[in-house]
Amino acid sequence: MNMPLTPEQPAVWNDPEHHIFKVSRRSFTDTQVFRDEYNRIFDKCWLYLGHESELVKPGDFVARIVAKRSILFTRDAQNKVNAFFNACPHRGAQVCRERKGNAKSFQCFYHGWVFGADGTLKSQPGSECYPADFNANGAANLVPVPRLDSYRGFWFLCFDRNVQSLSDYLANAKEWIDIIADQSEVGMTLVGGTQEYQIRANWKLLTENSIDGYHAINTHATYVDYLKNMQGSMSPVPFEGTGYDLGNGHAVIEYKAPWGRPVAQWIPLWGEEGKIELAKVRARLVERFGEARADRIATLNRNMFIFPNLVLNDIMAITVRTYFPTAPDAMQISAWALAPKDESAWARKFRLSNFLEFLGPGGFATPDDVEALEQCQRGYEAMKEAPWNDMSKGMIKEKVNYDDELQMRVFWNEWQRRTQATALGKGDA
Ligand code: FES
Ligand code: FE
């Protein structure tokens with residue numbers, strides 16, 4: 001055990017033998033760490049770009065910021081999905097200034113160059129002033145992102161051409177993505193709009209919070225009380241479950257909880273219509289997957305984290321959430337609701353109300369979490385005198401509970417490996 005009295009470096013202090021796992025608070029405040037995270041994490045890892053359901057028809061497009069770059073995500077006339085840097089090859093202006101839509105072509109507003117949804121330059125004003133073979137090598141086309149790939153409808157990009165395959169990168173997280181994607185026989189779709197908000201806290205605090213089963217009862221006491229007071233809204237199911245290391249910095253908690261689930265919670269909680277609907281969904285899941293997997297899909301809640309910044313929360317609705325740091329103490333968040341394309345109007349309504357009322361930025365949960373994260377960030381002002389966060393819960397146990405802190409240790413070990421921040425001690429989480 002070799003604890004520095006005042007850690008001058010961002011540090012992960014991992015000492016399994018003594019059941020110590022601490023993270024230096026400097027890791028949440030330091031501007032050099034913030035720069036290193038862009039260079040060593042966001043520029044090197046597979047990052048979530050969007051869902052296939054956002055590009056249904058040829059010409060559909062979404063323009064979105066990913067790790068500071070404006071990206072144009074399109075389905076072209078050949079039905080191929082593409083992602084380009086949304087920067088005109090002429091002088092760099094944003095070619096597409098709409099957030100989403102359907103277009104046959106994109107015209108840059110600055111000098112009027114026109115591009116197809118496949119990124120090729122179609123025309124430019126004053127073309128007679130350029131040689132006939134001006135774009136023979138494609139250098140005047142939109143520049144595609146170095147790597148683009150998808151898994152079960154989730155599209156990811158990577159700015160590092162030499163990154164490992166997406167499949168290898170996702171490692172065991174694929175099994176949990178399957179559990180979500182298998183909730184429909186005809187495919188999943190994003191529904192409703194995008195929730196966008198900012199938090200005045202370091203982005204890693206949201207990572208921890210998204211897979212933190214420990215905080216729910218305290219931080220969200222108002223919601224739990226509300227459910228208790230609404231007759232029939234809580235089942236007697238106790239909180240119970242496990243945390244898993246999924247490899248490459250990904251982690252998940254899978255657990256039972258007393259609230260209902262929109263898929264097929266075994267004990268339907270919301271009226272006759274709901275009971276009939278959920279029984280049907282459940283029966284079909286059993287036919288497709290057998291009792292055990294069907295039970296897991298329908299009954300268990302999942303909060304999954306895919307390194308570095310994608311959260312898939314399959315709880316009383318499914319949230320797809322991604323976020324980027326804008327400063328050491330600030331982040332920008334985007335979140336979407338995911339649903340089976342073929343669910344009934346009743347189930348969709350129930351899902352969307354949960355997405356809004358519990359998970360939304362003005363709902364029961366998110367403002368509680370935002371307050372907790374911003375308070376933590378304020379606490380780090382005293383980092384010289386009070387330098388360490390503790391994440392050791394459950395280290396003494398063989399079997400990890402959903403409300404232990406294995407998931408955070410999985411994240412921090414990968415963060416440390418990639419940023420090369422000072423490591424103290426040794427061993428795995
Ligand atoms: Fe786009 Fe000139 S910058 S046409
Ligand atoms: Fe929370």
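Counting begins at 1 with the first residue of the sequence. Everything numeric in this text was worked out from a predicted model, so none of it was measured. Just follow the structure's listing: the first ligand is 1, and inside any ligand the first atom is 1.
The aromatic ring centroids of His250 and Tyr169 lie less than 6.0 Å from each other.
The closest side-chain heavy-atom distance from Val23 to Arg409 is not below 4.5 Å.
Judged purely by atom type and a 3.5 angstrom limit, Arg69 uses its side chain to pair as donor or acceptor with the backbone of Ala67. Asn86 places a side-chain N or O within donor-acceptor distance of the main-chain N or O of Cys96, the cut-off being under 3.5 Å.
The aromatic rings of Trp113 and Phe134 sit perpendicular, their planes meeting at an angle over 60°, well past the 30° parallel limit.
Around atom 1 (Fe) of ligand 1, protein N, O or S atoms at less than 2.8 Å comprise Cys88 SG, Cys108 SG.
Among residue pairs with one or both ends in residues 116-131, none qualify as salt bridge (Lys or Arg N to Asp or Glu O under 4.0 Å); sequence neighbours excluded.
If you count the protein N, O or S atoms nearer to the Fe ion (ligand 2) than 2.8 Å, you get 4.
A cation-pi contact, defined as under 6.0 Å to the ring centre and within 45° of the axis, links Arg296 to Trp176.
Listed by chain and number, the residues in a side-chain hydrogen bond (donor to acceptor under 3.5 Å, both in side chains) with Trp155 amount to none (sequence neighbours excluded).
Salt bridge annotation for Asp60-Lys100: absent, with no cationic side-chain nitrogen under 4.0 angstrom from a carboxylate oxygen.
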